[in-house]
Amino acid sequence: MARCSWRPGGSNGPRRTATIPPMPAENSTSPTGRPVVTRFAPSPTGALHIGGARTALFAWAFARKHQGRFILRIEDTDLKRSSPESTKGILRDLGWLGLFSDEGPKYPCGKHGCGCGKAVDDAGFDPYDRGRQLGDNGPYFQSQRAADGLYDRYVQVLLDAGKAYEDDGAVRFRMDKDIAFTDAVYGDITVKADDLEDFIIRKGADGGKLPTFHFAVVVDDALMEVTHVIRGQEHLTNTTKHAALYDTLAEVTGDAATWQRPVWVHTPSIMNPGGSKMSKRDKARFARDKAEEFLAKHPTREDGIAALCQMMPNAITATHVSDFLGKTTDSVLLASEIAGRLGFNLPEIEVRDFLVRGYLQSALLNYIALLGWNPGDDIEHFDLDFLCSKFSLERIGKSNSTFDRAKLKDFNAQAIRGLNFGKFVDRMTKYAEAYRPTWYSSKICKDVDKWQAFCGAVQERTHLLPDPFEANRFLLSDDELIEYDFTPKPIRKAMMGNDGQGVALLEEMLAAFESLPAEGFGAAAHETINALAEASGINMGKYAQPVRIAVSGGPVTPPIDVTLELLGKGATLARMRRCVDAAKAHLAAASG
RNA sequence: GGCCCCUUCGUCUAGUCUGGUCUAGGACACCAGGUUUUCAUCCUGGUAACACGGGUUCAAAUCCCGUAGGGGUCACCA
């Protein structure tokens, strides 16, 4: 395999030789005649967000489809905004999605790509460790490549050839020709020289004399032999710059093979329902709106802010809050703090958000694959293998698409239902361990039989992993804490309807349950109800609803046998007694 | 504002290149009915779109022009 080091001395023999295997005939998507190489090149300025994940997915799938390589390269040439933490986060999230690179830095523990939600011990993990960067094209961090003097060599070549010039400490590239290029999605694009401007390829002292994105991306993609540049459409206009750079570098180095233009593939954007581009700032915006609603409930704005601050940790002052409300800051930290106190969920924007909210990676991947791409038939539900076998550039759409959480949620529910039971139990256990400690340490979760019964009862009604925990809080509640409110219609109807028939039936069951054994209580109680119903000719539902209400305070629970088994005899009877008393009091109050 | 790009049900989209088979198909959401001890699931049915205006043609969602709307870009950010 040809190494990618360009000889600054000027020897300009072709780097790629005839030893490069010819493209398979069926591979018409690589007109460059080279083996397919794609890359994902995030800048580590924050967590991996959903748009980046889709770009990575497409690049990864395309490489798989053509038996090519998928490279991960970190574009950290912006000193001020890049951080190793972001790099770790991006690596971790790509790992969670299962989009591992063939070359470039990798997350250390493949096991934690499992979505278990477990806090990963990455204390000793240094993504910048060159030993971890697999591949023969040197380091995969632009900061390291710059330190090696890589980009400077080419800047000098351009300077020497008169194609670039110094400008106030920076180096600017001349754009003096019309540029035309072909995009695999958008087709032919032409821009006249008059509409183009010379642009910076190397920053001045303030920017650490580092290459700009436009320059680094071209040099790296060329040297890494990237054949297909798949990225978001915000780069479509920028591509004129890149095309010019490829052409000029080919001309001045005489190495047309290395500086051959790649196939550009620009993907449409993912938008919010409101029409704005999906971004981190949405969290702040959302929290702000909710906070304003909260404020509006107070006599004055000042009162509202004071009340809000009251709820916040001490470190957060009124100034912080009003800055946030005044849009001086979009702090995600503040946004999530407000969300926590006011009891709402921030919109999921970053890949990690979806993990925390209980989405399965298979559902998320499936859904985002369909945002801007489709297999051409009516198949919507598929896995990564299917995607890899079907993915094609031709089927990427041109128009932006709106992110529809309702549809994603449906995909997730279907994915959960499709999980085999053992896997579902495993997911629930790990989710509880990571995000629901109270449940994780509860006797329901610790008792294998109970836990299996619980999971079995909830699987088909789970849309998001935490749903069962939210919907069944009553299972962990103290008996005395169950509150009975007989005014909501479904409850009133079940208990008070037909002259308080529900209350009477509840008493009847209570009496019958007393003699049941504590062991196997759920099944026994269920049989008893069946027998009672049959004997009285009153249908089963009339018995079941009052029990539901008695044990949970509400009209909705898992199937009655499982519910009572999880609760056990003691709790069930205690709650039924309290409920009977409360119902009678309610009845008396109503008639009196 | 200049330049580039986009425009089919509320949303994701099929169909557009290679006009007729499109009285425009699927999915999510929504509505109605059915199954079910609640909820959920499941089943059946329904509402709902070719942005607008011209042109070409025997025939246009499909081709051409214009208008409107939307997005992107015009940084020593990527």
Side-chain angles (χ1 to χ4, degrees), chain A residues 41-45 75-82 142 167-172 183 185-187 189-192 194-197 199-214 216-217 231-241 266 268-271 273 275-277 367 370-381 394-395 397-411 413-414 417 457-463 467-468 471 490 494 526 529-530 533 539-549 552 554-561 563:
Chain A
S43 57
T45 55
E75 310 220 326
D76 55 352
T77 53
D78 183 343
L79 266 20
K80 294 173 206 89
R81 299 198 302 158
S82 300
Q142 289 183 333
D167 178 12
D168 195 20
V171 177
R172 211 172 268 276
D183 184 87
V185 173
Y186 290 99
I189 312 274
T190 310
V191 182
K192 299 206 173 48
D194 286 353
D195 296 319
L196 264 12
E197 285 179 346
F199 63 95
I200 306 269
I201 54 175
R202 188 175 66 194
K203 303 171 199 174
D206 281 356
K209 297 251 172 200
L210 285 164
T212 57
F213 156 74
H214 299 300
V217 85
R231 60 175 33 155
Q233 58 136 231
E234 65 269 20
H235 290 300
L236 190 61
T237 315
N238 289 330
T239 305
T240 52
K241 297 183 173 78
H266 289 95
S269 307
I270 299 177
M271 316 296 280
S276 54
K277 192 170 169 183
Y367 179 73
L370 243 19
L371 236 33
W373 181 85
N374 71 79
D377 45 34
D378 288 336
I379 296 175
E380 282 204 320
H381 293 277
E394 293 72 40
R395 297 212 62 85
K398 294 180 195 317
S399 51
N400 296 343
S401 38
T402 306
F403 195 88
D404 181 2
R405 286 190 176 70
K407 186 154 180 169
L408 203 215
K409 204 168 173 182
D410 178 71
F411 271 44
Q414 293 201 43
R417 263 179 259 136
V458 300
Q459 182 171 6
E460 71 175 5
R461 53 204 92 196
T462 300
H463 291 228
D467 285 353
H526 193 217
I529 294 176
N530 278 336
N539 77 45
M540 167 78 188
K542 294 263 194 266
Y543 282 90
Q545 274 317 85
V547 178
R548 283 208 162 80
I549 292 162
S552 75
V556 178
T557 77
I560 212 74
D561 52 344
T563 304

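Within every chain, numbering begins at 1; the chains are lettered A, B, ... in the order of the sequence lines, protein sequences first and strands thereafter. Keep in mind it's a predicted model, so treat the numbers as computed, not measured.
Put simply, OG1 on A/T240 and CG on A/N238 are 7.0 Å apart, with the number rounded to the nearest 0.5 Å.
If you check every strand for non-hydrogen atoms under 4.0 Å, A/R172 touches sugar and phosphate atoms only. Among the heavy atoms of the strands lying under 4.0 Å from A/D195 are primed sugar atoms or P, OP1, OP2 only; no base atom is included. Residue contacts shown for A/A170 include a base, since a base heavy atom lies under 4.0 Å away. Across all strands, A/T77 comes closer than 4.0 Å only to sugar-phosphate atoms, never to a base (heavy-atom distances). Nucleic acid contact for A/N238: base, since at least one base atom lies under 4.0 Å from a heavy atom of the residue. A/E460 comes within 4.0 angstrom of a nucleotide base, judged by non-hydrogen atoms across all strands. If you check every strand for non-hydrogen atoms under 4.0 Å, A/H214 touches a base. When heavy atoms are screened at a 4.0 angstrom cut-off, A/P559 is found touching base atoms of the nucleic acid. Nucleic acid contact for A/H381: none, since no nucleic acid atom lies under 4.0 Å from a heavy atom of the residue.
For B/G20, the paired nucleotide is B/C58, the pair qualifying as Watson-Crick or G-U wobble because both relevant distances are below 3.5 Å. Using N1 to N3 plus N6-O4 or O6-N4 for Watson-Crick, or N1-O2 and O6-N3 for G-U wobble, each under 3.5 Å, B/G66 pairs with B/C52. Using the Watson-Crick or G-U wobble rule with both distances under 3.5 Å, B/A40 pairs with nothing in any strand shown. Base pairing analysis places B/C77 opposite nothing; no Watson-Crick or G-U wobble pair with both distances below 3.5 Å involves it. In a base pair of the Watson-Crick type (N1 to N3 plus N6-O4 or O6-N4) or a G-U wobble (N1-O2 and O6-N3), with each distance short of 3.5 Å, B/C28 is matched with B/G10.
To the nearest whole angstrom, the two C1' atoms, one in B/C9 and one in B/C5, are 24 Å apart. Using C1' as the reference atom, B/U47 and B/A32 are 10 Å apart when rounded to the nearest Å. When the C1' atom is compared between B/A29 and B/G70, the two are found 23 Å apart, to the nearest whole Å. Atom P of B/G53 sits at a distance of 13 Å from the matching atom of B/A61, rounded to the whole Å. For the C1' atom pair drawn from B/U62 and B/A51, the interatomic distance equals 16 Å after rounding to whole Å. A distance of about 14 Å separates the P atoms of B/G71 and B/U11, rounded to the whole Å. For B/G46 and B/C28, the P atoms lie 15 Å apart once the distance is rounded to whole Å. Spacing of P atoms, B/A59 relative to B/A49, comes out at 25 Å, to the nearest Å.
An OP1 or OP2 oxygen of B/A78 is reached within less than 4.0 angstrom by a side-chain nitrogen or oxygen of A/K203. A/R417 has a side-chain polar atom (N or O) that falls below the 4.0 Å cut-off from OP1 or OP2 of B/C42.
Candidate nucleotides B/C39, B/C4, B/A78 were compared by shortest atom distance to the side chain of A/V556, and B/C39 ranks first. When the nucleotides B/U38, B/A29, B/C76 are ranked by their closest atom to the side chain of A/D410, B/A29 comes out on top.
Each of A/N539 and A/A41 was matched to the nucleotide of RNA chain B holding its nearest heavy atom; the match closer to the 5' end belongs to A/N539.
Counting only distance, with no hydrogens or angles, the side chain of A/S552 and the backbone of A/G554 share a donor-acceptor pair below 3.5 Å.
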**Per-nucleotide protein contact string for nucleotides 9-16 of chain B (B base, S sugar-phosphate only, - none; heavy atom under 4.0 Å)** = --SBSSS-

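Here B/U73 presents its P atom at 15 Å from CG of A/D183, a figure rounded to the nearest Å. Nucleotide B/U8 holds its P atom 13 Å from the NZ atom of A/K398, rounded to whole Å. Following rounding to the nearest Å, A/E234 (CD) and B/G71 (P) show an atom-to-atom distance of 15 Å. Counting to the nearest Å, the C1' atom of B/A75 and the CD atom of A/E197 are 11 Å from each other. Atom CD1 of A/I200 is separated from atom C1' of B/C74 by 14 Å (rounded to the nearest Å). Straight-line distance from the CZ atom of A/F213 to the P atom of B/U73: 11 Å, rounded to whole Å. Going from atom CD1 of A/I560 over to atom P of B/U37 covers 13 Å, rounded to whole Å. To the nearest angstrom, C1' of B/U38 lies 12 Å from NE2 of A/H526.
Proximity of A/V556 to A/R548: side-chain heavy atoms (C-beta onward) are nowhere separated by under 4.5 Å. The closest side-chain heavy-atom distance from A/R231 to A/V217 is below 4.5 Å. Contact of the A/F411 side chain with the A/K409 side chain is not registered, since no non-hydrogen atoms from C-beta on lie closer than 4.5 Å.
Remark: the A/D194 side chain and the B/C3 base include no donor-acceptor N/O pair separated by less than 3.5 Å. Judged by distance alone, with hydrogens and angles left aside, A/R548 brings a side-chain donor or acceptor within reach of the base of B/U38, the pair sitting under 3.5 Å.
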Side-chain donor-acceptor pairs under 3.5 Å in residues 371-378 of chain A, sequence neighbours left out?
from   : atom 1 : to     : atom 2 : distance (Å)
A/W373 : NE1    : A/S392 : O      : 3.2
A/N374 : OD1    : A/G376 : N      : 2.7
A/N374 : OD1    : A/R395 : NH2    : 3.2
A/D377 : OD1    : A/I379 : N      : 3.1

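Using a cutoff of 4.0 Å between basic side-chain nitrogens and carboxylate oxygens, A/K241 and A/E197 are not scored as salt-bridged. Between A/R81 and A/D78 there is a salt bridge, since a side-chain N of the basic residue sits under 4.0 Å from a carboxylate O of the acidic one.
Between A/H266 and A/Y186, the distance from one ring center to the other does not fall under 6.0 angstrom. In this structure, the ring of A/F213 has its center less than 6.0 angstrom from the ring center of A/H235.
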